[in-house]
Amino acid sequence: MSSALRGALSGAKAKGQLRIETWPALTLDAPKRPEWGDLATTVAMALAASEQRAPYDIAQIIIDNLPARDQLFERVEIVRPGFLNLTVKPSVWVEVLRDIEQQAERYGRTDLGAGQRILIEYVSANPTGPLHVGHGRGAAVGQALARMLKAVGYDVVSEYYINDAGRQMKLLGASVYARYRELAGQPATMPEDGYLGAYIRAIAERIAASEGAALAALPPEQAEARCRDFAYRELLALIRADLQALGIEFESWFSEASLLSSGAVEQACADLRSRDLLFDEDGAQWFRSSKFGDEKDRVVRKQDGEFTYLASDIAYHRDKLQRGYDLLIDVWGSDHHGYIPRMQAVMQAYGSPKERLRVVLVQLVKLLRGGEEVKMSKRAGEFITMRDVVDEVGSDVAKFYFLMRDAKTHLEFDLDLAKQHSADNPVYYVQYAHARIASLWRVAATRGIACPAAAETDLAVLTDPDELGLIRKLSAYPEVLQASATGFEPHRMTYYLQQLAALLHTFYNKHRILPAAGEPESGSPAETLTPGRTAARLVLMRGVQQVLKNGLTVLGMSAPDQM
RNA sequence: GCGCCCGUAGCUCAGUUGGAUAGAGCGUCGGGCUUCGAACCCGCAGGUCGCAGGUUCAAUUCCUGCCGGGCGCACCA
């Protein structure tokens, strides 16, 4: 369709009817009202200024130059200022169903990304405790983005950065050791800012059971280190298990500690120093990030000789660049947004445009129960973890809720609502649409009716507005996928799926697909159901089912045949 | 104080990257299963798109300034 439009414009240009010095964006949108046709474009109005002609005249010129107009369009009209409304012939729409059948699970996929390599990093929580709900949202968003970008032709790797070095890990070890000493009846002091969650005590109990004697013999410093390593292994395993429960996978796990032990951090610093991007002041070492738009320079090595977390992040992102990625995506909690300028400075310091790093910010999740906000106190270690939520509502529901809203806005997550297997739950609404169609095949099979191949079916009988509405929606899927992926906005896909499901439910409720069992049609049916119509509708249903499944899959959710 | 994000129906949120009469779910009220799954559908009501300017054929959308809310401004991560 858009190529027809482009053809019309270039045809008009060739004939000298339009100048078209700069090509306008050829937007071809589905209008809001059915009487405005299937597709509408505003190019005539966009061109009015540069052509110095009335938009209406320009629209007329475009119409006159439309190639294959009679084959493609049923109706073409110009409305008031210069809207160009196109009504596509049903016989053309129907081709979408053949595409879907032919491409099946590949329908909607494109090679837009042309194989460009993307590294997307998400979650990356400290292995100092269980994942909280905010991590869950980041995980769902990160995975959905990774899958969608793959679907539109990028070569994507998803990675988890393990913050297994530095102060937080020391605190972890000290916290576990303190609990261990308490259990042993020895005097213990919990460090300031120590971890107070109940899981710390549980870890202390396990280490006491497995190597208590050895621990008692060690001087405190070594004992703490041992506790730290033990707790680290347990907590990393816990995090992996939590992610698995949510149905999130990573292709790569990257250790911060490995950057320190391999000397990569020192090398990254030396590299910066050789180009005068790192300097000494007040006994510390500073990254000259202000040279690249950051508001001030940043410490990478403290007076006490320890590297800051920024030093690790510099080395980490340098490593990502050295691995040859065209684009780096970091998914962060939005409270880290102030960190973006310095990381973009890092990009530039290593010779990349700052746009090579794109940060996707994810806002907080507010949990509700019984209409009340669930208060969390991280200090006291009292909070509902991501795992609690997954265990309570299920992984598909959790993911759908996490993806339902624009990631950069606060999300309200009503646990009571999410738990209901009812009309109020948008997840089931979408999945139910899929299951309903699956059920149709089961019924059809018992009546000896098979779903015919689209190529052998006369789809031109699909002329009902409800049928064409569904088909139009199906045809929009590839664009939604592309916009959702490249705009880093997975919520658009969840929204689309809800709309498609709504159309399906409406259609399903209003029209019959299979003939009634047993007796022939009795009473006064609103429409006659011929075998040909049944066949065409079965093909339509299969298309809807396929697209629902593709959409759910690309968001990381299941498309059940039964509920 | 400076910076980033958010203000759209009673509530939670969409709004296709400047288009036509601003949409959906929940909630309220009223209807619909002897026929393919009622975890569904249909209808009614509900709006100065935070406020005020500006840009143009056209602004919920872009710019500026206010108001309100969130977050950030470490030799913590």
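Proteins get letters first, then strands, A, B, ... in listed order; numbering begins at 1 in each.
Taking side-chain N and O atoms only, A:Y432 has a distance below 4.0 Å to OP1 or OP2 of B:rA39. The phosphate of B:rA38 (OP1 or OP2) has a side-chain N or O of A:R436 nearer than 4.0 angstrom. Considering only side-chain N and O atoms, A:K408 lies nowhere under 4.0 angstrom from the phosphate OP1 or OP2 of B:rC5. The side chain of A:T506 places an N or O atom within less than 4.0 Å of a non-bridging phosphate oxygen (OP1 or OP2) of B:rC42. Dashed line: the shortest gap from a side-chain N or O of A:K510 to OP1 or OP2 of B:rC40 is not under 4.0 Å. Distances shown here put every side-chain N or O of A:Y496 at or beyond 4.0 Å from the OP1 or OP2 atom of B:rG15.
Using a 4.0 Å heavy-atom criterion, one finds that A:Q303 contacts the bases of the nucleic acid, with or without backbone contacts as well. Using a 4.0 Å heavy-atom criterion, one finds that A:R442 contacts the bases of the nucleic acid, with or without backbone contacts as well.
A salt bridge links A:R369 with A:E392: at least one charged nitrogen is closer than 4.0 Å to a carboxylate oxygen. The existence of a salt bridge linking A:D280 and A:R273 is confirmed by a sub-4.0 Å separation between a basic side-chain nitrogen and an acidic carboxylate oxygen. In summary, A:R537 and A:E467 engage in a salt bridge, as defined by a charged side-chain N under 4.0 Å from a carboxylate O.
Pairing partner, B:rU16: none, since no Watson-Crick or wobble contact has both distances short of 3.5 Å. With a cut-off of 3.5 Å on both Watson-Crick or G-U wobble distances, the partner of B:rC73 is given as B:rG1.
B:rU17 takes the syn form, because its glycosidic angle lies no more than 90° either side of 0. B:rC57 adopts an anti glycosidic conformation, its chi angle falling more than 90° from 0.
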Show, in sequence, the C-alpha distance, side-chain angles and deciding distance for A:W36 and A:F83, and conclude whether the ring-ring contact (aromatic ring centres under 6.0 Å, His included) test is met.
CA-CA 9 Å; A:W36 295 334; A:F83 291 100; 7.4 Å; no
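In this structure, the nucleotide among B:rC13, B:rC57, B:rA38 sitting nearest to the side chain of A:Y508 is B:rA38. Closest contact between the side chain of A:R167 and the listed nucleotides B:rG37, B:rC42, B:rC76 involves B:rC76. Distance from the side chain of A:Y429 is smallest for B:rC41 among the nucleotides B:rU35, B:rC41, B:rG70.
Checked against A:E121 for a side-chain contact (heavy atoms from CB on, under 4.5 Å), the options A:F254, A:Y160, A:Y316 give a single hit: A:Y316.
Ring-base stacking between A:F83 and B:rA20 is satisfied, the centre separation being under 5.5 Å and the plane angle under 30°. Stacking of A:Y495 onto the six-membered ring of B:rA14 is not present when judged by under 5.5 angstrom between centres and under 30° between planes.
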